[in-house]
**Student:** 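Pasting a structure below so you can have a look.
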Amino acid sequence: MHITGWLLAVALVFGSCSFSSTGPFHAQCKVEWYFGIPCGQVYEMLVTQIKKWRTLSSCAIGGQKCLYKLQSASVHFIAAKHTTPIKRQVDDITFRLVTYEFFSHCHVLAMSVSETWYTIKDHGTNYCNLYNLMEGSGLIRVRGYMEVTSEFLCTQRSSANCTLY
């Protein structure tokens, strides 16, 4: 096997595994949020915020609360992209919204993954991609708000500074 073939095989093996014992091999973040409001409201608030932060002008005061692009949206699933304003790296974002408690509560499973395959550390950027939308939309202040994640599920979450990223 040529060295290129060997490297490809190693990349495929490691690329097919999403986690090691210390966390993801690739910069990404998985977060679960719980809200005491219906998923329809959560959906509207998230989609509105993604659209509000679509241009570079919303980053004029600093941070990365800009360059979000809505890819698709339904009351149960939202897909978007976020481009970092300086390095122009792109991250894929998804939100899966699941209703519970007789349609009065919403459970959101969110994920942000760097498209750049070699990105291992991201200073918490993937976490901030998701959290900034939650904060900007006001969802962190609604009844029943709860966040569940960890350093294992979110690359460098504990050192994330979402006023910068």
Side-chain angles (χ1 to χ4, degrees), residues 15 18 23-99 105-165:
S18 58
F25 285 123
H26 183 76
Q28 63 185 15
C29 180
K30 292 181 182 180
V31 184
E32 292 184 56
W33 279 288
Y34 294 86
F35 304 98
I37 61 174
C39 284
Q41 286 180 279
V42 173
Y43 164 81
E44 289 295 331
M45 294 169 81
L46 281 173
V47 169
T48 298
Q49 194 61 49
I50 291 168
K51 289 178 179 178
K52 181 178 179 183
W53 284 347
R54 72 179 188 278
T55 66
L56 188 58
S57 63
S58 54
C59 277
I61 58 171
Q64 297 192 19
K65 297 174 182 176
C66 62
L67 300 177
Y68 283 87
K69 183 179 180 185
L70 187 65
Q71 300 294 114
S72 65
S74 74
V75 74
H76 302 290
F77 188 80
I78 301 167
K81 290 189 182 280
H82 178 251
T83 303
T84 59
I86 297 169
K87 293 186 178 181
R88 300 294 181 168
Q89 292 182 320
V90 178
D91 303 317
D92 296 318
I93 299 170
T94 58
F95 296 95
R96 192 174 80 199
L97 292 77
V98 180
T99 298
H105 291 66
C106 191
H107 176 210
V108 176
L109 297 104
M111 186 163 189
S112 178
V113 180
S114 297
E115 282 188 359
T116 309
W117 66 271
Y118 54 83
T119 302
I120 297 171
K121 296 190 176 195
D122 69 350
H123 306 288
T125 299
N126 280 289
Y127 172 74
C128 293
N129 287 342
L130 302 168
Y131 179 80
N132 286 339
L133 289 170
M134 290 293 161
E135 181 184 47
S137 68
L139 283 165
I140 66 168
R141 292 179 292 285
V142 303
R143 173 177 45 87
Y145 169 81
M146 184 174 69
E147 176 182 285
V148 179
T149 192
S150 67
E151 188 76 14
F152 181 79
L153 297 172
C154 273
T155 308
Q156 296 185 303
R157 179 195 171 273
S158 62
S159 61
N161 180 348
C162 295
T163 58
L164 296 176
Y165 299 108

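No hydrogens, no waters, no symmetry mates; every other heavy atom, side chains included, goes into these values.
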**Student:** Is there a side chain to side chain contact (heavy atoms under 4.5 Å, CB included) between Y131 and V31 once you walk through the steps?
**Tutor:** CA-CA 9 Å; Y131 179 80; V31 184; over 6 Å; no

**Student:** Using modelled atom types and a 3.5 Å cut-off, is there a donor and acceptor pairing between side-chain atoms of N132 and backbone atoms of Y165?
**Tutor:** yes

**Student:** With rounding to the nearest 0.5 angstrom, report the NZ to CG distance, K30 to L153.
**Tutor:** 7.0 Å

**Student:** CG/L97 to CD/Q41 distance, rounded to the nearest 0.5 angstrom?
**Tutor:** 12.0 Å

**Student:** Look at the side chain of S58 and the backbone N and O of T55, then say whether any donor-acceptor pair between them is shorter than 3.5 Å.
**Tutor:** yes

**Student:** For a side chain to side chain contact (heavy atoms under 4.5 Å, CB included) with K81, tell me which candidate from L67, V90, I50 qualifies.
**Tutor:** V90

**Student:** Mind listing the closest non-hydrogen atom pair of T83 and R88 along with its distance?
**Tutor:** CG2-CA, 3.7 Å

**Student:** Parallel under 30°, tilted from 30 to 60°, perpendicular over 60°: which one fits the rings of F35 and Y145?
**Tutor:** tilted

**Student:** Working to the nearest 0.5 angstrom, can you tell me the gap between E147 CD and C154 SG?
**Tutor:** 7.5 Å

**Student:** What distance do T84 atom OG1 and D91 atom CG have between them, rounded to the nearest 0.5 Å?
**Tutor:** 7.0 Å

**Student:** Verify, without hydrogens or angle tests, whether E32 (side chain) and V148 (backbone) share a donor-acceptor contact under 3.5 angstrom.
**Tutor:** no

**Student:** State, to 0.1 Å, how close K51 and L70 come at their nearest heavy-atom pair, and which atoms those are.
**Tutor:** CE-CD2, 3.8 Å

**Student:** Backbone N or O of A79 within a donor-acceptor pair of the T94 side chain at under 3.5 Å?
**Tutor:** no

**Student:** Do V142 and V42 make a side-chain contact, defined as non-hydrogen atoms from C-beta onward lying under 4.5 Å apart?
**Tutor:** no

**Student:** For atom NZ of K69, is the number of surrounding heavy atoms from other residues, nucleotides or ligands below 6.0 Å larger than 12?
**Tutor:** no

**Student:** If only atom types and distance count, is the side chain of S112 paired as donor or acceptor with the main-chain N or O of C29 below 3.5 Å?
**Tutor:** no

**Student:** Enter the distance from N161:CG to T125:OG1 here, rounded to the nearest 0.5 Å.
**Tutor:** 10.0 Å

**Student:** Show the nearest heavy-atom pair for residues W33 and A110, with the distance to one decimal.
**Tutor:** CZ3-CB, 3.6 Å

**Student:** Has R143 got a side-chain atom pairing as donor or acceptor with G36's backbone, closer than 3.5 angstrom?
**Tutor:** yes

**Student:** If you take all heavy atoms of P38 and C106, which pair is closest and at what distance?
**Tutor:** C-CB, 4.1 Å

**Student:** Side chain of S150, backbone of F152: donor and acceptor closer than 3.5 Å?
**Tutor:** yes

**Student:** Identify the two heavy atoms, one from H105 and one from C39, that lie closest to each other, and give their separation to 0.1 Å.
**Tutor:** O-SG, 4.3 Å

**Student:** Would the distance check show the side chain of H82 and the main-chain N or O of C128 forming a donor-acceptor pair, the cut-off being under 3.5 Å?
**Tutor:** no

**Student:** Locate the shortest heavy-atom distance separating R157 from Y127; write the atom from each residue and the value.
**Tutor:** NE-CE1, 3.7 Å

**Student:** To the nearest 0.5 Å, tell me how far M45 CE sits from S137 OG.
**Tutor:** 5.0 Å

**Student:** Do L109 and H107 pass the side chain to side chain contact (heavy atoms under 4.5 Å, CB included) test, and can you show the C-alpha distance, the side-chain angles, and the key distance before you say yes or no?
**Tutor:** CA-CA 7 Å; L109 297 104; H107 176 210; 3.8 Å; yes

